Colleague: 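There's a structure below that I have some questions on.
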Amino acid sequence: MITIKSLKGMNDILPKKSVIWQYIENKIKMILYQHLYLEIRTPIIEQTNLFTISLGQTTDIIKKEMYTFKDKKQKQLTLRPENTTSIIRSILENHMTNQTQKVWYVGPMFRYENPQNGRFRQFHQFGVESFNKHGPEMDSEIIIMTNRIFKALGVQKYLHLEINSLGSKTSRRLYTNILFKYLKKFKNYLDSNLIYKMYKNPLRLLDTKVKNITYIVTHTPNILDYIDQKSIKHFEYLKKILNYTNIKYKINKNLVRGLDYYSRTVFEWKTKALGSQNTICAGGRYDYLLKFFNCKKTPAIGCAIGLERTILLLKTTNKLPTNMKIKSHVCFITISNKKTIIIKSIKLLEFLRNELPNLIIQNTFCDTSFKKNIYKAKKNNINILLIYGENEVQKNKVSIKDLYKKTQNLLALKPLINTLKSIFYYESNYYNNW
RNA sequence: GUGGGUGUAGCUCAGUGGUAGAGCACCGGAUUGUGGCUCCGGGUGUCGUGGGUUCAAAACCCAUCAUCCACCCCA
C-alpha cells in the first residue's frame, strides 16, 4: 500500500470541524458587511517579486519562510505568505485607487516554518483593507470593528489591544539611527542574528523575545518621542476616539510588526490564553506601500485575524457553541430488497425534496435490517421516520413514525407533506440560525 | 534552522525480552416490517519505517520519517 499524507503543517478541516469554521467566518462576514466592506478574492499564487519588493528584505518571511518555486516556463512564483500585497497588486491592476475601497478577504496563507501550537505552514487569515482614507477615524473604524468581532465571538475579555505609532517615513529613519546608536553600545550582548538585524533593520529588535536582552530592549529610546508632529496628532486623535468609545488599549512603544511596510498606526490584539503564539489579530497603516509600486501616494490601512488561533482561543475559553452539528430531521427507510420498490422510493425522495426544500432527509438504502435502522435513528436523535415498503407501495402511501410520541400513521402524499410541514415549521430556517 | 517529548486497533491508551491487549466505537446475529436494553459472535493490527543485538524484540541499540511542544519568528 502506498501511503500518502498531507504535507507538514498543512491540515485537513474535516466535517466535524468545518462547522466551527463556518460559524466563525459567518459571524465575521456579517459584521464586515454591516460596515459595507466587500469581499475581494485574489489568487493564492503570485510572482515572487511582488512579495520581495513589498515585505522588506530583512524580514524572516522573505529570508526563509516563502514557498517559492518555478513553473514550467521558469517563472518564479510564490504561494502568498500574506494577502495585503496581493490586494494592492489587484487594486492597482484594476485601477481602483481613485476612490475609497473597503474590502475583506478570507483564505489560506503559506509560510515555511516549523509548526507548533497555533502555527502552521498553511494557515488561514480573515482580513480587511481600506484604501484612500488617511484620517485616524479610519484607523479607529478598523479597531472598533475588530473589537465588535471578538465581542460577537465571546472572547473579547480574553484579549487586549496594544497600539503604537511608527511615524512617517522620515521620522522613522531618524528614529532608526538613534535606535542603532543605542543598540551598538550593547553589541557585546547580542548574538550574530541580532547583530545582523541591528545593522540591517534595528526596528526588528524592538519586539524580539530573546530573553537575556529584555533589559536592553525595554530601555530603548521611545519611538513616540521621535515621530513627526503630524503623526503625533494622528495618534492622539486615535487615542481620543478609542477613549471615547470605551475601547481599552495599552501603548506598546516596542510594537513594530513583522513587516517593513507599516507607518503610523500599528496594533495587535493579544491573548494570554494561548502561550507564546499570542497574537490573534494584527494590522496597521501602510501609507507608503502603494507609492512603492509607482502609484500616487495612497493611504491605506488593514489588519488580519488568524483563524486557527481564533478557533484555539474559542476552544480553550469554552466559547465554541455546542449543537453546531447539522442533524437530519427525518430518516427515510426503505424496507424491501425489490428493485422496483427501491426505484420508487428514490423518486418519492425527490418529490419530498421538491416539496420541502428545508427538510434534511437522511436516506438509508435498505442496507441493513429495519430494526437496526430504527436503532441508528434513535442514536442520532432523529425522531421522525418515513417508512416505505410493500404495504405502502400497494396503498400508494407512506408510513410516518414518531419515535418520541410512539405513533405511526399511514398517509397519502398530500397529508404527509402537511404533517411534515407542521412538525418542522420552526426549523424551516435552519441554516439562517448561523 | 535548533532543542525536547511521543509513535501499538477507527479513538483513548495499557503492555520492562517469551502467544498482540483493554475500554469506547464499529460490524454481524438472536429479531428479514418496528424502539435506545439485553445476550451471542467478530480484532478491524506492517506495534511509524529500515537495519542491528538476541534462541526470541512492540520493548534494547542505531538510523530515518511523522507528529506534538518549545526556541527563533509570526496570524
Side-chain angles (χ1 to χ4, degrees), chain A residues 1 3-11 14 16 55 58-65 80-84 106-127 146 191-194 196-197 204-205 207-213 255-259 268-271 274-283 302-313 331 333-338 341 366-383 385 387-393 399-408 410:
Chain A
M1 196 174 109
T3 52
I4 300 176
K5 291 178 169 177
S6 71
L7 297 173
K8 189 192 207 91
M10 306 207 178
N11 302 314
L14 302 175
K16 232 177 168 177
L55 299 184
T58 55
T59 58
D60 281 30
I61 291 179
I62 294 295
K63 272 164 56 197
K64 56 181 190 188
E65 292 175 2
R80 62 182 184 197
E82 55 105 49
N83 207 13
T84 300
V106 61
M109 309 296 157
F110 304 86
R111 291 182 198 172
Y112 194 90
E113 302 180 88
N114 266 346
Q116 68 188 67
N117 196 14
R119 207 179 71 184
F120 308 94
R121 288 189 172 179
Q122 174 174 336
F123 62 101
H124 298 78
Q125 287 185 335
F126 216 115
T146 50
D191 64 26
S192 59
N193 180 29
L194 295 174
Y196 172 85
K197 284 181 184 170
R204 289 264 69 80
L205 262 77
D207 60 354
T208 186
K209 288 177 193 163
V210 178
K211 277 178 190 131
N212 52 5
I213 66 157
L255 184 69
V256 287
R257 311 287 307 105
L259 308 170
E268 289 191 8
W269 286 97
K270 293 185 181 178
T271 179
L274 294 184
S276 60
Q277 262 58 49
N278 57 4
T279 303
I280 299 289
C281 168
C303 75
I305 299 170
L307 284 179
E308 279 84 356
R309 288 181 189 179
T310 304
I311 290 172
L312 264 177
L313 182 61
C331 187
I333 303 174
T334 311
I335 331 173
S336 173
N337 284 319
K338 283 190 185 166
I341 293 181
C366 192
D367 48 2
T368 180
S369 70
F370 185 36
K371 182 166 175 158
K372 290 257 190 249
N373 276 323
I374 295 175
Y375 172 84
K376 281 182 186 168
K378 266 288 191 190
K379 208 169 171 181
N380 290 317
N381 264 322
I382 303 169
N383 282 314
L385 303 184
I387 302 159
Y388 196 62
E390 301 257 3
N391 294 345
E392 286 78 7
V393 170
S399 292
I400 178 165
K401 183 178 180 67
D402 189 323
L403 294 174
Y404 184 73
K405 290 182 184 161
K406 305 190 183 192
T407 57
Q408 180 164 343
L410 192 60

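Just so you know, these numbers come straight off a predicted model, no measurement behind them. Every chain is numbered from 1 and lettered A, B, ... according to where its sequence line falls, protein lines coming before strand lines.
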Colleague: Which whole-number value in Å describes the distance from A:Met10 CE to B:rC68 P?
Modeller: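 About 13 Å, once rounded to whole Å.
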Colleague: Whole Å only: how far is the NZ atom of A:Lys379 from the P atom of B:rC27?
Modeller: 8 Å
Colleague: Testing the 3.5 Å rule here: is there a donor-acceptor pair between the side chains of A:Glu82 and A:Gln125?
Modeller: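 The criterion, which ignores hydrogens and geometry beyond distance, is not satisfied for A:Gln125 and A:Glu82.
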Colleague: From CG of A:Leu14 over to P of B:rG10, roughly how many Å is that when rounded to an integer?
Modeller: 16 Å
Colleague: Which nucleotide, B:rG35, B:rA75, B:rA70, lies nearest any side-chain atom of A:Phe120?
Modeller: B:rA75
Colleague: Contact class for A:Thr208 (heavy atom, under 4.0 Å): base, sugar-phosphate, or nothing?
Modeller: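 Sugar-phosphate, no base atom in range.
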Colleague: So if I take every side-chain heavy atom of A:Tyr375 and compare against B:rG36, B:rC73, B:rC71, which nucleotide ends up nearest?
Modeller: B:rG36
Colleague: Has A:Gln116 got a side-chain N or O lying under 4.0 Å from the OP1 or OP2 atom of B:rC71?
Modeller: yes
Colleague: In terms of heavy-atom contacts, does OH of A:Tyr112 have more than 12 from other residues, nucleotides or ligands at under 6.0 Å?
Modeller: no
Colleague: Taking only the side-chain nitrogens and oxygens of A:Gln125, find out if one of them lies under 4.0 Å from OP1 or OP2 of B:rA75.
Modeller: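 So the side-chain polar atoms of A:Gln125 never come under 4.0 Å of the phosphate oxygens OP1 or OP2 of B:rA75.
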Colleague: Reading nucleotides 28-34 of chain B from the 5' end, what letters show protein touch, with B for base, S for backbone sugar-phosphate only, - for no heavy atom under 4.0 Å?
Modeller: SB-B-BB
Colleague: Take atom CZ of A:Arg309 and atom C1' of B:rA75, then tell me their distance rounded to the nearest Å.
Modeller: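 Rounding to the nearest Å, CZ of A:Arg309 and C1' of B:rA75 are 5 Å apart.
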